[in-house]
Amino acid sequence: RLRKWQERIRTKDAGERNLQFALSEIDRMASALGVPRSVREVASVLYRRALDEDLIRGRSIEGVATACLYAACRQEGIPRSLEEVTEVARIEQKEIGRTYRYVAQELSLAMEPTDPKEYLPRFASELDLSEEVIAKARELVDASAEQGLLSGKSPSGFAAAAIYAASLLCNEKKTQREVADVANVTEVTIRNRYQEQIEAMDLGI
Amino acid sequence: MTDPKETINIENVVASTGIGQELDLQSVAMDLEGADYDPEQFPGLVYRTQNPKSAALIFRSGKIVCTGAKSTEDVHESLRIVFDKLRELDIKVEDEPEIVVQNIVTSADLGHQLNLNAIAIGLGLENIEYEPEQFPGLVYRLDGPEVVALLFGSGKLVITGGKEPEDAEKAVDKIVSRLEELGLLE
DNA sequence: GCTTTAAAAAGTAACGT
DNA sequence: ACGTTACTTTCAAAAGC
C-alpha cells in the first residue's frame, strides 16, 4: 500500500523527469540549429505522441527526441539534413536515421522526401545571395526535377548545385567551396550536378 | 519490348547446412589453409572457396552458412568443396547434408527511368521507404512473394529476401503491373 | 540490438595523385 | 580534376554477448 503508492510516485516522477529531459534536449538542439520556436513545438508534440504510443521502449530518449526534431524540421518545411542534426546531437547519424524511420512509420507521419527548394532560402541567406538568385535556383530545381534528374539524389546536394548554378547565371558568383560549406556537401557533388541542371532548364525554356 | 523478367540476374545466394558433428574450430583453423578464425570477433570460422567463389561460415555446432555464390548450383558445389576439405581433416561429414537456401539476391532492369518521388506517393508513403538523403533507392516490401525490392532512378532494381528464383520473377511481374496501373512506367 | 559473410543497385565522401 | 576505395540500404543464416 504505502510502498505501492511510493512506487507510483517514483515512476510518475521518473517519467516526468524523462519527459522534461527530452523536451530540454529538443530545445537545446533546436537552438543550436537555429530553427524557430514552432519547430520545437511540433517536435515536442511528436515526442509526446511517441511516448503515448510506447515507441521509446528499447530506444534511447535522446534518440527519439532527436528523430522527432529532425522530422519536425521537415514537416515545417525548414529541413536540416541528418548530418546537420548529428552535429548538435549526442547520438550517431545512423541511429538518428533509423529511429526517425521507425517513428515516422509508427506515427503514420507520411513524410514525403524533402523538397530541395526548401533548402534554398537558408543557403542563399547564408551566402548573402539575392532574391533573384533564389528564384533562378527554384527554376533550376523545378526544371531538372521535371526531367527526372532528382530521383535518388540527396535534396541538400541538389539544392546546393542549383544555388551554385543560379549564382553563376545571375552574376553573383560564389565558389563551389563556399556553397559546399553552407550546404554540408562536397564540391564534387555540386560539380557533378550543376551543369545538367542548367541544361535541363535550357531545354525547358 | 524486352520483358524485364529476362534481365533478372542472380547476384548472391545464401544457404545453411550442417555436418551433424561438433567441431573444434581452433584445430580446424590450424589445419585448414586460408581459414580466418577470430572467436573474439565472431564465433564462426570463415573459409573462402575460389571456384565457385563463395564464403562459408563454419560454427562449433557443425552448422555452416554459405554465401556469395551466384546460383543454387554453385552453392551446392561450394559446400561440396567445404565438406571434402573437412573430410580431409578426418572430420566425419554426412554423405549429403541437407542444404537450405535462405535468401536469394537478384538484380534486374525495368528498362525505363523511374520518377521515385511519384512512385513513392503512388505506391503509398506508408508502404515504402524513400529517403534519398540516406540512400538513393526506394524500398518496397511486397506481400506475395515476401521479398524486398530496392528501386532506383535508372530503372534498375534489386530484389532480396526470396528463397527461390521464381520469387524474383513474381516480384518483377507485380512491380511492373503496379507501376503500369499507376501510369508510372515510362 | 551487435558481431561476420556476400552481392547488386546509385549517390556521396574521403583519400591520394 | 581525376581515380580508387569505401560507406549508405535491403536480406538470411549461424552462436553468443
Side-chain angles (χ1 to χ4, degrees), chain A residues 58-60 63 81-83 93-95 97-99 101 150-158 160-161 176 180 183-193, chain B residues 7-18 22-23 25 36-49 52-71 74-75 78 99-110 113-114 116 128-142 146-163 167-168:
Chain A
R59 256 159 279 269
S60 70
S81 69
L82 271 185
E83 194 184 342
Q93 184 168 326
K94 198 170 171 178
E95 183 61 21
R98 177 182 306 155
T99 306
R101 274 176 270 165
L150 179 56
S151 284
K153 266 84 163 202
S154 96
S156 60
F158 207 77
Q176 293 180 359
N184 272 296
V185 298
T186 63
E187 297 169 84
V188 180
T189 296
I190 292 176
R191 221 175 283 141
N192 289 341
R193 348 229 130 278
Chain B
T7 70
I8 294 177
N9 192 22
I10 295 179
E11 306 288 354
N12 184 23
V13 177
V14 182
S16 59
T17 186
E22 291 251 329
L23 291 170
L25 295 184
D36 288 342
Y37 181 49
D38 182 359
E40 301 282 283
Q41 190 175 119
F42 187 69
L45 178 155
V46 182
Y47 180 72
R48 288 160 224 274
T49 62
K53 193 183 169 197
S54 76
L57 305 178
I58 305 172
F59 298 86
R60 192 196 69 254
S61 63
K63 292 190 174 180
I64 299 173
V65 169
C66 178
T67 183
K70 293 284 186 191
S71 67
D74 282 355
V75 166
S78 291
I99 295 172
V100 180
V101 172
Q102 303 287 355
N103 182 27
I104 295 180
V105 182
T106 61
S107 62
D109 191 347
L110 297 181
Q113 299 265 313
L114 301 176
L116 298 184
I128 60 94
E129 272 185 31
Y130 177 46
E131 292 292 334
E133 178 186 340
Q134 300 175 58
F135 185 68
L138 183 153
V139 182
Y140 185 34
R141 285 159 213 280
L142 295 265
E146 278 209 13
V147 300
V148 174
L150 307 178
L151 308 179
F152 296 86
S154 64
K156 293 190 176 175
L157 66 155
V158 169
I159 294 168
T160 185
K163 297 218 183 296
D167 290 337

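As the structure is a prediction and not an experimental result, all values here were calculated from the model. In what follows, chains carry the letters A, B, and so on, assigned in the order in which the sequence lines appear, proteins first and then strands, with residues in each chain numbered from 1.
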Pick out the pairs of N or O atoms, protein on one side and nucleotides 15-17 of chain C on the other, that lie under 3.5 Å.
none

Between the protein and nucleotides 4-9 of chain D, which nitrogen or oxygen pairs come in under 3.5 angstrom?
none

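One distance of note links CZ of B:F152 with CG of B:L116; it measures 9.0 Å at 0.5 Å rounding.
Here C:dT5 presents its C1' atom at 15 Å from CG of B:D38, a figure rounded to the nearest Å. Note: NZ (B:K53) to P (C:dA6) measures 8 Å, nearest angstrom. Computed from coordinates, the A:L82 CG to C:dT12 C1' distance equals 14 Å when rounded to whole Å. Rounded to whole angstrom, the span from the CD atom of B:E146 across to the C1' atom of D:dA12 amounts to 13 Å. Distance B:D167 CG to D:dC11 P: 15 Å, rounded to the nearest Å. The distance between atom CD of B:E11 and atom C1' of C:dA9, rounded to the nearest whole Å, is 9 Å. Following rounding to the nearest Å, A:Q93 (CD) and C:dA13 (P) show an atom-to-atom distance of 10 Å.
With a cut-off of 3.5 Å on both pairing distances, the Watson-Crick and G-U wobble pairs of DNA chain D assemble into stems of 3 or more at C:1-5 with D:13-17, C:10-17 with D:1-8.
A donor N or O paired with an acceptor N or O is found under 3.5 Å between the base of C:dA6 and the side-chain atoms of B:T67.
Between B:S154 and C:dA10 there is a side-chain N or O to OP1 or OP2 distance below 4.0 Å. Contact check, A:S154 against C:dT12: a side-chain N or O comes under 4.0 Å of OP1 or OP2.
Residue-to-nucleotide proximity on DNA chain C shows that, of B:G155 and B:L57, the 5′-proximal contact is made by B:L57.
Nucleotides D:dG3 and C:dA7 have their C1' atoms positioned 23 Å apart, rounded to a whole Å.
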